[in-house]
Protein chains: 2
Amino acid sequence: MLRLAWSVLTTTQPTTGEGTEPDLAALASLLADRTRASFCTALLDGRAWTAGELARHAGVAPSTASEHLTALVGAGLLAEVRQGRHRYVRLASRETAELIEAMSAAAPKAAPPRGLTAVHRSNALARGRTCYDHLAGALGVAVAEAVTERGWIDWEDGPSLTAGGRTGLAGLGVELPARTRRPLVRSCLDWTERRPHVAGAVGAALCSRALEAGWLVRPGGGRAVRVTAEGRAVLAGALGVPDGVLESAGA
Amino acid sequence: MLRLAWSVLTTTQPTTGEGTEPDLAALASLLADRTRASFCTALLDGRAWTAGELARHAGVAPSTASEHLTALVGAGLLAEVRQGRHRYVRLASRETAELIEAMSAAAPKAAPPRGLTAVHRSNALARGRTCYDHLAGALGVAVAEAVTERGWIDWEDGPSLTAGGRTGLAGLGVELPARTRRPLVRSCLDWTERRPHVAGAVGAALCSRALEAGWLVRPGGGRAVRVTAEGRAVLAGALGVPDGVLESAGA
DNA sequence: AGCACGTTTCGGCGGCCGCCGAAACGTCCC
DNA sequence: GGGACGTTTCGGCGGCCGCCGAAACGTGCT
């Protein structure tokens with residue numbers, strides 16, 4: 001499937017033959033451009049954006065954005081839905097999101113943002129944000145450390161959910177999905193904190209529960225999240241998240 | 001550390017300020033070149049190569065290879081050791097290897113290799129190879145499925161080592177490392193088979209044990225591995241790996 | 001000391017690619 | 001139907017970057 005999509009881009013005909021090596025450079029080339037990379041980073045919020053929104057977000061002409069989107073969709077990194085005169089686009093899969101996430105963690109830090117609003121938005125992201133389907137930023141790291149402190153997650157030999165963690169999550173109304181091959185809890189290196197936060201099925205379930213229950217809200221409509229008064233009580237009480245983090249991630 | 005190394009490349013001065021977003025495009029640009037990508041792929045065997053070896057491997061002039069290596073080392077993706085007139089270079093860390101590995105799995109398949117020797121080498125890689133520190137290719141996937149069949153690894157809620165698996169591995173002389181934060185068993189999508197094989201601490205320990213015990217050898221000195229007669233007996237007997245795979249991965 | 005060899009630096013060439021504006025297309029709304 | 005709007009296609013421009021060869025440097029070997 002992915003291979004077929006790629007054939008649109010490559011000039012030579014890729015055959016179905018076994019043993020052909022992966023074209024690492026072709027994949028990297030797609031993300032090697034500032035504009036395309038910013039598209040993917042923006043789409044890490046898990047929502048579908050229109051072509052025009054992405055163009056404005058990246059500061060390029062609509063025509064330029066259109067060409068980039070065609071490339072990313074053709075490569076199978078993005079999935080698109082046409083609705084009327086709009087072209088909605090989102091990350092193709094959770095695997096794609098995890099790849100971009102992993103690359104972001106390994107990437108160098110860019111120059112700091114310019115402008116007051118940009119700085120403000122950047123700080124909001126550093127305090128608390130979603131990373132496709134789980135929590136990240138200072139808030140995400142604090143939650144990870146809190147549940148570790150409570151013995152919900154054991155980090156020896158890789159992160160794993162303890163029995164106590166299972167009941168603790170259930171007490172919060174967090175419903176874990178039916179058994180799949182997806183890891184229950186996965187470690188994900190946070191690119192602002194340089195410390196791990198909780199991803200995987202547990203991270204996703206906890207995050208969606210927090211948004212659904214109103215413990216967290218998205219003020220700007222983007223990736224940034226803010227802790228509500230109710231959320232503050234729950235996170236401090238049930239999880240033991242330090243007040244300092246909750247304060248700065250609230251308001 | 002990584003950030004410092006990056007400052008060599010970036011023209012603007014990256015500050016230490018919090019909240020700066022990762023420069024995804026900068027990282028991707030490093031791998032967006034055929035030559036640099038082939039360097040990284042070659043280095044996935046975990047060994048240290050000299051600059052000249054990599055140049056010949058990629059089919060470029062030594063001067064070109066030198067410049068690429070300076071960029072990759074400066075970015076922190078590669079680590080170098082100077083010995084006399086040689087410049088030895090290897091992947092900087094296991095995390096770097098895992099990133100390249102993950103990207104390779106998501107990358108499109110390149111055009112099939114040209115030439116008899118290239119095809120031969122490609123087929124050898126497809127049959128069995130190492131992926132930094134664990135087994136991959138048809139052999140790696142077969143081993144993963146065999147240990148699953150034996151109940152050594154449970155895939156529900158993510159891969160995990162069972163108690164039976166722990167004793168089974170001990171019986172083979174496979175010594176697991178002291179407890180670390182590294183996952184014991186990690187799933188890694190094989191880019192030839194499109195099915196998962198076993199990575200993580202267990203995958204690494206099993207692979208190193210197999211090489212140390214002479215069950216596997218590296219005929220070409222590269223990433224390809226071959227099953228010896230002794231290894232064939234062990235893998236078929238203790239793990240239940242099908243004969244068909246062992247036959248084609250042997251000889 | 002002298003030579004061989006691996007590596008590096010520097011110019012310069014060539015190609016690729018991201019950008020925009022203009023124009024056209026299709027959809028939605030009045 | 002007509003106008004507004006989101007999107008797309010196409011030329012053309014400009015810049016970046018990967019490549020090589022030549023020359024220089026440093027090391028090891030005889």
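Just so it is clear, the values below take in all heavy atoms, side chains as well, and ignore hydrogens, waters and symmetry mates. Keep in mind the model is a prediction, meaning the values are calculated, not measured. Here is how names work: the chains are called A, B, and so on, in the same order as the sequence lines, proteins then strands, and each is numbered from 1.
Pairing each heavy atom of A/G214 with each of A/T228, the nearest pair is O-OG1, 2.7 Å.
Separation of atoms CD (B/E98) and OG (B/S93) is listed at 8.5 Å; rounding is to 0.5 Å. Atom CH2 of A/W191 is separated from atom NE2 of A/H197 by 10.5 Å, given to the nearest 0.5 angstrom.
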Side chains of residues 73-80 of chain A: which donor-acceptor partners sit under 3.5 Å, not counting sequence neighbours?
unit_1: A/E80; atom_1: OE1; unit_2: A/R87; atom_2: NE; d: 2.7
unit_1: A/E80; atom_1: OE1; unit_2: A/R87; atom_2: NH2; d: 3.0
unit_1: A/E80; atom_1: OE2; unit_2: A/R82; atom_2: NE; d: 3.3
unit_1: A/E80; atom_1: OE2; unit_2: A/R82; atom_2: NH2; d: 3.3

What side-chain donor-acceptor pairs closer than 3.5 Å can you find for residues 56-66 of chain A, not counting sequence neighbours?
none

Return all side-chain donor-acceptor pairs below 3.5 angstrom for residues 36-46 of chain A, not counting sequence neighbours, or 'none' if the list is empty.
unit_1: A/R36; atom_1: NE; unit_2: A/L30; atom_2: O; d: 2.6
unit_1: A/R36; atom_1: NH1; unit_2: A/H68; atom_2: ND1; d: 3.2
unit_1: A/R36; atom_1: NH2; unit_2: A/S29; atom_2: O; d: 2.9
unit_1: A/S38; atom_1: OG; unit_2: A/T35; atom_2: O; d: 3.0
unit_1: A/T41; atom_1: OG1; unit_2: A/A37; atom_2: O; d: 2.9
unit_1: A/D45; atom_1: OD1; unit_2: A/R47; atom_2: N; d: 2.9
unit_1: A/D45; atom_1: OD1; unit_2: A/W49; atom_2: NE1; d: 3.3
unit_1: A/D45; atom_1: OD2; unit_2: A/R47; atom_2: NE; d: 2.8
unit_1: A/D45; atom_1: OD2; unit_2: A/R47; atom_2: NH2; d: 3.1
unit_1: A/D45; atom_1: OD2; unit_2: A/W49; atom_2: NE1; d: 3.2

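Annotation: of the two residues near DNA chain C, B/L69 and A/R36, the 5′-most nearest-nucleotide partner is B/L69.
Counting non-hydrogen atoms of neighbouring residues, nucleotides and ligands closer than 6.0 angstrom, the CD atom of B/E175 reaches no more than 12 such neighbours.
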Polar-atom pairs under 3.5 Å, protein N or O versus N or O of nucleotides 27-30 of chain C: list them with distances, or write none.
unit_1: C/dT27; atom_1: O2; unit_2: A/R85; atom_2: NH1; d: 3.3

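Within residues 39-54 of chain A, no residue has any heavy atom under 4.0 Å from DNA chain C.
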Could you walk me through whether A/V227 and A/L139 pass side-chain contact (heavy atoms from CB on, under 4.5 Å), step by step?
-> CA-CA 9 Å; A/V227 181; A/L139 178 64; 4.0 Å; yes
Where do A/S187 and B/R181 land on the side chain to side chain donor-acceptor pair (under 3.5 Å) test, with the steps shown first?
-> CA-CA 10 Å; A/S187 172; B/R181 294 183 70 130; 5.7 Å; no
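A/D190 pairs with exactly one of A/R129, A/R127, A/R195 by the salt bridge (Lys or Arg N to Asp or Glu O under 4.0 Å) rule, that one being A/R129.
For DNA chain D, the span of nucleotides reached by chain A at under 4.0 Å from its heavy atoms goes, 5' to 3', from D/dA4 to D/dC10.
Counting non-hydrogen atoms under 4.0 angstrom, A/R56 reaches nothing in the nucleic acid.
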